[in-house]
Amino acid sequence: MRERANNPLADALARLIDQQAFDVHFQPLVAIDRADIFGFEALTRGPADSPLHSPLVLFETAAREGRLVELERLIVRRAAQRFKSLSLPGQLFLNVTADTLLTAGEHASRLAAELDVLGLPTSRVVVELTETRPIDDLARLDGSLQALRSHGFRIALDDLGEGFASLRRWMEMRPDFVKIDRHFIDGIAQEPLKQQFVRSIVEMAATSGCQVVAEGLEQEPDLAVLRRLGVTICQGYLFARPSATPRAQLRTEWSGRLAADAQPRLLQNDEALPVAQGAITTAAQLARRGHTVSPQISVKAVVDLFRLDDQLLALPVLDPAQRPIGVLRSLHVMKRSTERYFMDIFDKHSCVELMDPNPLVFDVATPLRAMSDALANLDERLLTDGFIVTRDGTYFGSGRSSDLLKAVSDLQVHAARYANPLTLLPGNVPIDNHLERLIEQGETFAAVVWDIDHFKPFNDVYGYRIGDDIIRLAARVLTQAADPQVDFVGHIGGDDFLMVLCSSDWEERLERVCKAFDAGVRSFFSPEHLAAGGYVTLNRQNQPSFHPLPTFSAGAVLHLPGSFDSARALSAALAEPKRVVKGRTGGSRYFVDRRQPPHHGIPAAA
């Protein structure tokens, strides 16, 4: 008893474990390429009034007292329960130390059973190793990882670049995710050396088939650099701080901006998608200056405003800095005002008593497509309220939902002939125009037609929404591999794409596409299908049929001056190499028709 009395931290830890008096917060990981939440990392805090409130003190004390594994198992269970009760989307990242990971093999079955009772698939749980302590027993580590993977769990390596032999640990663990330490992310826009480090990690990840997560993102310039370097998942205060009750979706202004940045660009400057004169393309063009109120306005004054103007449907509420903090809805305000005694009690109160603190808000640069998606997920009872538009967080104007829907319809009709609506890459008209111009000018280039193999059974098993995500992945890896100054990428339709490469290193770019697609597509499959290399469905005869996982394949033709007289003739010639590559197996691949001699600057592939 004397020993415990002289050790207040040990005593506090014992109480915390006995009462399970720790808090679990969640911070989102954002898929910036999809403009959506990828998952959440569970973070633990001790009670606010406890000397163990700091996670560092809490876990150091638990390790010193020999209770670290016991504590972490309790936290894992609590985090899973809380994650499920909050109905949070995506993956759940659970931090564990080496001590706990080494014992995971003995408890993987029990944890999987507990998650099954919760209705949380193990495929949605990522066990994340924090490198605060060394691992000496590599054989036991390998056994624990195999046990976790056999039950469907995924593995992440935290704080890459810091801790105990990070790169060596990566090679030993072969994780599904590597999380780059915040030191290399913060300020990366101003640090070329940090950029080179992250670029190397992204290239290594593509080779090993894992995904990269950038931690500690706090500044927008860093976000732009990370996107350019090929990082697709980011985490940090820029998007959201850890919270006990986090939002299940990105804030609308972020989802809109990320969606706009994620759309593949039309690569040729002189053939950009034509926009009809006066066409509306962003939130700014739909915004109108209208009535607004401040929190100082009383309930009675707001009721009077709505009574005097039956065309007034909603009123934004702005703080002293002109930032929207909520919206007052006519139907709600008028309904409450007729309730017995309501006006007698609240007429002189602030209008915030009647305010919805979660209005629909868009940044001025938000594109119509992102706005339309947000509107589609809105409760239809709120559609008449419209939306608020901001510039740098301050009020810019208000818009009507009917105007947005009309603008989206007009833009889709105009764009249908020029750009694929799913990827916004050039469609058949600009594809043909681009090929015809290069042929007429006698240019030398490689024409490459790509499509996704085994795509229909994948759509049948996983659904068309995930199928659309894979098509977007294909568009993204093609545009990232092309040189925007000289190359061209078009979307023929469905899962078919065309590349026109004038770059001298064109074959290296094709290799890059194959590796990037094979690495990126893994995240769409369940662990069971990854392990099996495919899945079984019933064919038309009701017999089981095995289908391999989707890959990306291409047939290519080298065009030399005078080789073809039209885009139609060139397209016909692409049919043969495409047929040949379809007969081959393995991962993503391409075949080049080499029957023409090398000429004019672009060598034939060896």
Side-chain angles (χ1 to χ4, degrees), residues 33 123 149 154-155 170-171 173-178 200-212 230 232 423 446 448-462 466-482 489 491-492 494-499 501 505-537 545-557 574 576-594 605-606:
D33 57 333
S123 59
R149 287 189 167 114
R154 304 172 80 183
I155 308 297
W170 186 356
M171 298 298 293
M173 291 177 58
R174 298 300 172 98
D176 301 284
F177 302 90
V178 289
S200 300
I201 296 304
V202 170
E203 291 175 356
M204 292 172 62
T207 301
S208 64
C210 73
Q211 291 181 273
V212 174
T232 58
T423 63
V448 190
V449 61
W450 292 88
D451 76 344
I452 303 174
D453 307 303
H454 318 296
F455 184 63
K456 185 181 184 306
F458 175 87
N459 249 356
D460 294 341
V461 171
Y462 284 86
I466 304 298
D468 285 350
D469 286 341
I470 285 196
I471 290 176
R472 293 189 188 99
L473 168 69
R476 186 169 64 254
V477 300
L478 291 174
T479 56
Q480 290 174 348
V489 177
H491 190 168
I492 299 170
D495 62 333
D496 294 317
F497 297 84
L498 181 79
M499 288 184 94
L501 298 173
D505 59 346
W506 60 276
E507 190 168 14
E508 293 178 17
R509 295 177 186 273
L510 299 185
E511 293 278 4
R512 202 179 305 163
V513 169
C514 293
K515 290 179 180 178
F517 184 87
D518 286 345
V521 80
R522 290 177 60 86
S523 65
F524 294 98
F525 307 132
S526 69
E528 296 81 2
H529 293 163
L530 274 176
Y535 32 77
V536 175
T537 65
S545 177
F546 180 81
H547 301 283
L549 301 178
T551 53
F552 212 16
S553 64
V557 167
L574 283 167
E576 177 61 18
K578 184 177 180 181
R579 183 191 64 79
V580 173
V581 77
K582 285 294 184 181
R584 299 183 176 184
T585 58
S588 295
R589 61 217 176 277
Y590 63 91
F591 175 78
V592 183
D593 187 337
R594 307 178 190 277

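Values reported hereafter were calculated over all heavy atoms of this structure, with side chains retained and with hydrogens, waters and symmetry mates removed.
- In this structure, L530 CG and R522 CZ are separated by 5.0 Å, a value rounded to the nearest 0.5 Å.
- Side-chain contact check for R149 versus D176: some heavy-atom pair is nearer than 4.5 Å.
- The shortest non-hydrogen separation linking R154 to Q211 is NH2-OE1, 4.0 Å.
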Verdict with supporting geometry, T479 and T423, side chain to side chain contact (heavy atoms under 4.5 Å, CB included):
CA-CA 11 Å; T479 56; T423 63; over 6 Å; no
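- To the nearest 0.5 Å, atoms CD (Q480) and CG (D33) are separated by 8.5 Å.
- Within a 6.0 Å radius of NZ in K456, other residues, nucleotides and ligands contribute 12 heavy atoms or fewer.
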Under the side chain to side chain contact (heavy atoms under 4.5 Å, CB included) criterion, do L574 and L498 qualify, and how do the steps go?
CA-CA 10 Å; L574 283 167; L498 181 79; 4.0 Å; yes
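- Looking only at side-chain heavy atoms (C-beta outward), S553 and D451 come within less than 4.5 Å of each other.
- Taking each heavy atom of S526 and Y462 in turn, the nearest pair found is N-OH, 3.0 Å.
- Residues L549 and F458 have side chains not in contact (no heavy-atom distance under 4.5 Å, counting atoms from C-beta outward).
- Nearest approach of I471 to F497, heavy atoms of both residues: O-CZ, 3.7 Å.
- Rounding to the nearest 0.5 angstrom, the gap separating the CZ atom in R476 from the CD1 atom in I470 is 11.0 Å.
- In this structure, the separation between CG on D468 and CD1 on I466 is 9.0 Å, given to the nearest 0.5 Å.
- Contact between V477 and A516 at its shortest, heavy atoms only, is CG1-CB, 3.8 Å.
- Of all heavy-atom pairs between V489 and A482, the closest is CG2-CB, 4.0 Å.
- Rounding to the nearest 0.5 angstrom, the gap separating the OG1 atom in T232 from the CG atom in L473 is 9.5 Å.
- Residues V513 and V448 are not in side-chain contact: their nearest non-hydrogen atoms beyond the backbone lie 4.5 Å or more apart.
- Residues D460 and H547 fail the side-chain proximity criterion, which asks for heavy atoms closer than 4.5 Å.
- Of all heavy-atom pairs between F517 and P550, the closest is CE2-O, 4.1 Å.
- With contacts defined as side-chain heavy-atom distances shorter than 4.5 Å, the pair Y590/E507 qualifies.
- The distance from atom CG of L510 to atom CH2 of W450, rounded to the nearest 0.5 Å, is 5.5 Å.
- The closest side-chain heavy-atom distance from F552 to C514 is not below 4.5 Å.
- Without hydrogens or angle criteria, D518 side chain to S588 main chain gives a donor-acceptor distance under 3.5 Å.
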